[in-house]
Amino acid sequence: MDLQEIRKQLDVIDNEIVELTEKRMKLCADVAEFKIQTGKAVYDREREQQKLDAVSALAHSEFNSQAMRELFSQMMTISRRYQYQMLAEHGMEVDMGFLEVEKLPTEGIRVVYQGVEGAYSQAAAIQYFGENTPMYHVKTWDDAMKEVEEERADYAVLPIENSSAGAVTDNYDLLVKYQNYIVAEVYVPISHALLGTPDATLSDVKTVFSHPQALMQSSVFLNAHREWKQISVENTAVAAKKVLEDNDVTQAAVASEIAGKLYGLKVLEHAIQYNKNNTTRFIVVAKRPIYEKGANKVSICFELPHVSGSLYNMLGNFIFNQVNMMKIESRPITGKTWEYRFFVDIEGNLAEASVRNALKGIFSEASNVKILGNYK
């Protein structure tokens, strides 16, 4: 058969598919009207599986059977999103549980960060809140989150990702562990120096201390000195403080030059990070689920059933509602082998209909969903 003739026949079939799909969507609207009147849930997993089994059984080959399952899965997914939009138009929306405020409260507050004085987290806190804001430090990121949840601090500042080393995965887990919420973010340029005691030289160094991320970000320089032993500590400023207290010329720290000045250390080498545009993104978390007017980023996390296509279908909620996804990370779920929790950043504001409709789909179809924050 001639190719042009084949294409003509495909065009006829495609036109029929469009016509039938529009008829189907009209019936889906009728289904939505019924569910609005009765309060019945949009998503019925058992019903959908029965339908997929039925249509795949109608096909005449194994390949076509799988194709029908995928095709109808997408059709039903689109139908659900259409129904969610109709429910929203009738005022039947999910309560997001967040309060919009004109401005984050900054009077009479206390801010906590992890590490000791001179830590990059302190620099981030000062950059966002100002140097006159009362601040204090704790030993671990977990401690910082606990301070906020138990209301001893109003805000905590934690690193969440670095442009060179990637995500700070432990802090993603803390966003699930604690009932705190992201209310702001701040970007801090990171420049690591190799710091030693005042009388040390580069040739004296045998052991280098720092946070694992800082060691990773400085790996090109450090790996050129393979005779040096690298030891991880809780924080870059903790490393600087240790070098000061031990007063050992063979010890050095990877930390900021600000920390070096604070602890009276000598800069043995400037800017040793391999990415000269090295930047860390810090998040500011609070106890209350609030967001500033004009906030333009939403962070959420959710778990999915361990079945083929579940993530693909979930992310379709953003595509259908024209919501831009900016980032996705995954973390293993404790106690569930090979199952993962997904962390997603999207553009938008919780007051926007498109964002609310997308999140309604996520809430209906995923498990253990949490809105981590809406911020800018």
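Atoms considered below: every heavy atom in the structure, side chains included; atoms not considered: hydrogens, waters and symmetry mates.
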Participant: When you compare the side chain of Asn15 with that of Val18, does any pair of heavy atoms fall below 4.5 Å?
Facilitator: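 No; the side chains remain at least 4.5 Å from each other.
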
Participant: With distance as the sole criterion, is a donor-acceptor pair present between the side chains of Thr140 and Asp143 under 3.5 Å?
Facilitator: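 A pair is found: one side chain offers a donor N or O, the other an acceptor, under 3.5 Å apart.
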
Participant: Flag this pair as yes if the NZ/CZ of Lys297 is under 6.0 angstrom from the six-membered ring centre of Tyr375 and inside a 45 degree cone about the axis; otherwise no.
Facilitator: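 Because its charged atom misses either the 6.0 Å distance or the 45° angle limit, Lys297 does not stack over Tyr375.
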
Participant: Is Asp142 paired with Lys177 through a side-chain N to carboxylate O contact shorter than 4.0 Å?
Facilitator: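 Result for this pair is yes, salt bridge flagged.
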
Participant: Does the side chain of Tyr136 reach to within under 4.5 Å of the side chain of Arg152, using non-hydrogen atoms?
Facilitator: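 Answer yes - side chains close enough.
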
Participant: By ring pair (Phe, Tyr, Trp, His ring centres under 6.0 Å), which residues pair with Phe342, not counting sequence neighbours?
Facilitator: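 Ring pair (Phe, Tyr, Trp, His ring centres under 6.0 Å) check on Phe342 returns nothing, list empty.
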
Participant: Is it the case that over 12 heavy atoms from other parts of the model lie below 6.0 angstrom from the NZ atom of Lys293?
Facilitator: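 At most 12 heavy atoms, drawn from other residues, nucleotides or ligands, come within 6.0 Å of this atom.
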
Participant: Tell me yes or no: between the side chains of Asn278 and Gln273, is some donor less than 3.5 Å from an acceptor?
Facilitator: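 The answer is no; no qualifying pair exists.
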
Participant: Show me, pair by pair, the donor-acceptor contacts under 3.5 angstrom made by side chains of residues 232-241, not counting sequence neighbours?
Facilitator:
from, atom 1, to, atom 2, distance (Å)
Asn235, OD1, Ala237, N, 2.7
Asn235, ND2, Gln114, O, 3.4
Asn235, ND2, Gln114, OE1, 3.0

Participant: Asp2: which residues meet the side chain to side chain contact (heavy atoms under 4.5 Å, CB included) condition with it, sequence neighbours left out?
Facilitator: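 Partners of Asp2 by the side chain to side chain contact (heavy atoms under 4.5 Å, CB included) criterion, ordered by chain and then number, come out as Gln4, Glu5.
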
Participant: For Leu262, is the CG atom crowded, meaning more than 12 foreign heavy atoms sit under 6.0 Å from it?
Facilitator: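 Atom CG in Leu262 is crowded, with more than 12 foreign heavy atoms closer than 6.0 Å.
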
Participant: Can a donor-acceptor pair be found between the side chains of Asp204 and Thr250 at a distance below 3.5 Å?
Facilitator: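 Absent: no donor and acceptor within the cut-off.
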
Participant: Following the transitive rule for hydrophobic clusters with a side-chain heavy-atom cut-off under 4.5 Å over Ile, Leu, Val, Met, Phe, Trp and Tyr, establish whether Leu104 and Phe98 coincide in one cluster.
Facilitator: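 The answer is no; the residues belong to distinct hydrophobic clusters.
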
Participant: Step by step, work out the ring pair (Phe, Tyr, Trp, His ring centres under 6.0 Å) result for Tyr274 and His192.
Facilitator: CA-CA 10 Å; Tyr274 61 80; His192 297 309; 9.9 Å; no

Participant: Does Lys229 count as lying over the ring of Phe209, i.e. NZ or CZ under 6.0 Å from the six-ring centre, within 45 degrees of the axis?
Facilitator: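 The answer is no; the distance or angle limit is not met.
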
Participant: Closest heavy-atom contact between His137 and Gly115?
Facilitator: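 Reported closest heavy-atom pair: ND1-O, 3.1 Å.
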
Participant: Working to the nearest 0.5 angstrom, can you tell me the gap between Glu161 CD and Phe343 CZ?
Facilitator: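 It comes to 13.0 Å.
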
Participant: Strictly below 4.0 Å, N to O, side chains only: are Lys327 and Glu329 in salt-bridge contact?
Facilitator: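 Salt bridge present between Lys327 and Glu329.
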
